[in-house]
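Here the structure is laid out as structure tokens; the discussion comes afterwards.
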2 protein chains.
Amino acid sequence: MVNRSIALDTVFHALADPTRRAVISRLLMGSAPVKQLAEPFEMGLPAFMKHLSVLETSGLIRTEKRGRVRTCRIDAERLAAAEDWLSEQRALWQGRTDRLAAFVESRNPPEERP
Amino acid sequence: MVNRSIALDTVFHALADPTRRAVISRLLMGSAPVKQLAEPFEMGLPAFMKHLSVLETSGLIRTEKRGRVRTCRIDAERLAAAEDWLSEQRALWQGRTDRLAAFVESRNPPEERP
DNA sequence: TCTACAGTTCGCCACATGGTGAACCGATCC
DNA sequence: GGATCGGTTCACCATGTGGCGAACTGTAGA
């Protein structure tokens, strides 16, 4: 799926920043308005909003504006997608190294060690 | 740990590109020289080498030059680190939503549905 | 030795990213 | 109604990213 690949692009890119990962961690404890989320960080609102929009277009969070306050909450589905990709790759790796170990054990050639 | 955070930065950034993810997937089936890795992609060697160096500085792969050919292989440790972070976050989320479900069940307020 | 081949380095370019400050908009509160 | 507060938009800037082609290096093979 091309879509899935693009989704992984945006999700991993969103996660590749400590500020955004901190926002995720914070939102895991419950939804919060933008101002409150931005408080711990030493940057202006505009910069922080860019981080939020990266998170939102990646699908990791959803936001809703009611009155003048925008509330953010997490959407764990994309988090799971990223985790799935990683665990899939690691499973392949695990299987391959297991087979490799078996192979080495079965032949065990005295390899040169320079 | 600050180091761990930087490691996550570079690992997630490395994974946020379809070319680099494809290289990872390819390397899961066994190590390979640069030329062979670059073959499937429609870009020049210099561009491809940049991808490789991103992967290497992230610690996701290791390379070794013997003679004139540089061989690349995977290092699954960082892959596991990324997976760990994600599963940790998801576990927190899971725990929180479980508690939330219990809370909602115990109170069950008839929320407005617009 | 000469040639071809695998990487590497270099300079360049277009565009994305991450930040700033200032001005602005719309909802709330006194 | 006017001040304030939460967001938003705008113009701008420095830096990083991802690509190119051309020139270079060093090893292998004929």
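All figures in this text were calculated on a predicted structure; none of them were measured in a lab. In what follows, chains are A, B, ... by sequence order, proteins preceding strands, each numbered from 1.
Between B:L52 atom CG and D:dT17 atom P there is a gap of 16 Å when expressed in whole angstrom units. Going from atom CD of B:E42 over to atom C1' of D:dG18 covers 15 Å, rounded to whole Å. Put simply, CZ on A:F41 is 15 Å from C1' on C:dG19, counting in whole angstrom units. The nearest whole Å value for the distance from the CD atom in A:E56 to the P atom in D:dG7 is 13 Å.
With rounding to the nearest 0.5 angstrom, the CG atom of B:L27 is 6.0 Å from the SG atom of B:C72. Note that CD1 of B:I74 is 4.0 Å distant from CG of B:L28, once rounded to the nearest 0.5 Å.
From one end of the helix from C:dT1-D:dA30 to C:dC30-D:dG1 to the other, with five pairs defining each end axis, the axis direction shifts by 20° (rounded to 10°).
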What donor-acceptor contacts under 3.5 angstrom involve side-chain atoms of residues 32-44 of chain A, with partners at least two apart or in another chain?
none

Using atom types as modelled, flag every donor-acceptor pair under 3.5 Å from a side chain in residues 14-22 of chain A to any protein atom, sequence neighbours excluded.
residue : atom : partner : partner atom : Å
A:D17   : OD1  : A:T19   : N            : 2.7
A:D17   : OD1  : A:R20   : N            : 3.2
A:R20   : NE   : A:A14   : O            : 2.8
A:R20   : NH1  : A:H51   : ND1          : 3.1
A:R20   : NH2  : A:H13   : O            : 3.0
A:R21   : NH1  : A:L15   : O            : 2.7
A:R21   : NH1  : B:D9    : OD1          : 2.9
A:R21   : NH2  : B:S5    : O            : 3.1
A:R21   : NH2  : B:S5    : OG           : 3.2
A:R21   : NH2  : B:D9    : OD1          : 2.8

Could you list all N or O pairs between the protein and nucleotides 2-8 of chain C that sit under 3.5 Å apart?
residue : atom : partner : partner atom : Å
C:dC5   : O2   : B:R68   : NH1          : 2.7
C:dA6   : OP2  : B:K35   : NZ           : 3.0
C:dG7   : OP1  : B:V34   : N            : 3.4
C:dG7   : OP1  : B:R70   : N            : 3.2
C:dG7   : OP2  : B:K35   : N            : 2.6
C:dT8   : OP1  : B:R70   : NE           : 2.7
C:dT8   : OP1  : B:R70   : NH2          : 2.8

Name the pairs: protein N/O against N/O of nucleotides 11-18 of chain C, kept only if under 3.5 Å.
residue : atom : partner : partner atom : Å
C:dG18  : OP2  : A:R20   : NH1          : 3.2

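Counting heavy atoms from C-beta outward, B:D75 and B:I61 have side chains that stay 4.5 Å or more apart. Taking the side chain as every heavy atom from C-beta outward, B:L60 and B:L79 approach each other to under 4.5 Å.
Linking ILVMFWY residues whenever their side-chain heavy atoms come closer than 4.5 Å, directly or via other members, leaves A:V69 and A:L55 in distinct clusters. There is a path of hydrophobic side-chain contacts, each under 4.5 Å, that joins B:F12 to B:L52.
B:T71 and B:E64 share no side-chain donor-acceptor pair at under 3.5 Å.
Sorted by first and then second residue, the pairs that involve residues 76-86 of chain A and meet side chain to side chain donor-acceptor pair (under 3.5 Å), not counting sequence neighbours, are A:E83-B:R90.
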